[in-house]
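One structure below.
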Amino acid sequence: MVIALASTVVFFAVVSVAITHAPGWPQVRSEFFNWHEFRSTFPEIAHAFRLNIKIFSIAEVFILVFALFLAVLRSLPGPVFFPLRALAIVYADLFRGIPTILVIAMLGFGAPALGLSYVPKSVIFWGIVSLVLIYSAYVSEVYRAGIESIHPSQEAAARSLGLSRWQTLRRVILPQAVRRVIPPLLNDFIGLQKDTALVGTLGAVEAFQQSQIDANATFNFTAYLAAAVLFVAMTIPLARFTDWLILRDRRRRQGGGATL
Amino acid sequence: MSNALAIEGLSKSFGRHEVLTGIDLTVAEHEVVALIGASGSGKSTLLRCINLLEPIDAGRIILGGEEITRPPNVNAVRRRIGIVFQSYNLFPHMSVLRNVTLAPCDVLGLSRGEAEQRATSLLERFGLADKRGEYPDRLSGGQQQRVAVVRALAMQPELMLFDEVTSALDPELIAEVLEVIRELAAGGMTMILATHEMGFARDIADKVCFLDGGRILEQGPPEEIFTSPREQRTQQFLQRIIEAKRL
């Protein structure tokens, strides 16, 4: 404990001395860690960050539902459902394989360009669609891992009571599977929160795009730092919330207060 | 007496390995049948075949006069047959009460209130009334297994199957579960139990079947099977049990 503390102090002391004594440090400090610039750009970027939150919130709901649908398709048994299973596999392979920024570019620039009256032209709409398509592929794999981790004896118990395959899935398998995959699910959602910045490449003024505008206007990169602070500020509460959910579930099942 | 269950020429293979061969068995109403035999003799598989958890390769299964071998609706058949497993298999994410009310609500269409009433009176009957709000992980093995029995009973089955229900229990917890089965037998429940508890089987069963290598080698009243078995394999099996001081 003492050794760990001492070595940590020494390590950071050496690193910070090395950085602050580097020949370029005064310039870096004024361009990246400029308190005055931070204060002047932060409100604007925070305002733009509301768009990130909006994109994230909408995408998240659709991803949770769509990915679950894909995972269920993939867990259907028997030869009859082979085409559906194959479709779900191809989907997951495809959308996990293409870089996110490419999907966003193709849909965001391509779909509105079709000029069809019933196709939305909003780049934000297409940005959200792209994120849903990609993240559903990842999240469906997470769900699937959860479904497969439930012991077959649970299904046998449910089916032996006369529950149908669907009732068994809905009442017995999925509730347990979802509880088990909350941590990896959160991991994917932190990725999603960050990737909302990619929608900025379509021209939507979200936090990253706004910080870029500010950086270009002032020749100072502190604006990026302001955006970074906002992203971190959003992910940390989510991580703690998930920890709390897991803890509550464990307490309720294994001990502690019966009132929980 | 009419038959609650009749099995004719049932055979079952896993791949090329034949686990059940030409099983013939009848169970009268209110009769208690014990399946005994070494591990791997096919007892559990036979029970799983009866409530259609395992598809069979040949033969017929007749439940209450109605053939259920390949029914159009397996769920409708399963709700008439209760099964209790060696490893309890309670639903860990549900309270005891919810474990018991789930199937009556979802399968029989009972209202939540009716199902809870039925569940509560069953839990009371088996001394589990104070556990209704608990989650399975917080119960002892014996309590979990009793809840599993109650969960099956809540469907008001016409036949109960017990698949080595005390094998996973600590020795001091076995009695409470056997007591539950004894009470059910006294109440006239038709039952088939696969068991290693020979003393209990001898005590409670009307008929004992000795399974060996996937066949029913010998069946008859317990006094006959346990005291004067005809087959040499049965004698050997019982001799080993006696040597292990389990009878």
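Within every chain, numbering begins at 1; the chains are lettered A, B, ... in the order of the sequence lines, protein sequences first and strands thereafter. Remember, it's a predicted structure, so these values are computed and weren't measured experimentally.
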Examine whether an atom of [X] lies under 4.5 Å from a heavy atom of chain A, and if so say whether it belongs to the side chain, the backbone or both; otherwise answer neither.
X: Val77(B); value: neither
X: Ile81(B); value: backbone
X: Arg80(B); value: neither

To the nearest 0.5 Å, tell me how far [X] [atom1] sits from [Y] [atom2].
X: Gln86(B); Y: Ser153(A); atom1: CD; atom2: OG; answer: 11.0 Å
X: Arg151(B); Y: Leu161(A); atom1: CZ; atom2: CG; answer: 5.0 Å
X: Ile83(B); Y: Arg159(A); atom1: CD1; atom2: CZ; answer: 13.5 Å

Residue pair Arg165(A), Asn75(B): steps toward the side chain to side chain contact (heavy atoms under 4.5 Å, CB included) verdict: CA-CA 9 Å; Arg165(A) 197 186 294 285; Asn75(B) 303 323; over 6 Å; no

Looking only at heavy atoms, which of residues 104-116 of chain B get nearer than 4.5 Å to chain A?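 Near chain A, by residue number: Asp106(B), Val107(B).
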
Side chain to side chain contact (heavy atoms under 4.5 Å, CB included), paired with Ser160(A), selected from Leu47(B), Asn51(B), Leu52(B):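 Going through the options one by one, the only one that passes is Asn51(B).
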
Contact summary for Ala103(B) and Leu163(A), nearest pair of heavy atoms: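 Nearest pair, atom of Ala103(B) first, then Leu163(A): CB-CD1, 3.7 Å.
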
Mind listing the closest non-hydrogen atom pair of Arg171(A) and Met94(B) along with its distance?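 Looking at all heavy atoms of both residues, the closest pair is O-CE, 3.3 Å.
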
Which region of Gln154(A), side chain (C-beta onward) or backbone (N, CA, C, O), has a non-hydrogen atom less than 4.5 Å from a non-hydrogen atom of chain B, or is it both or neither?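 Both parts, heavy atoms under 4.5 Å.
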
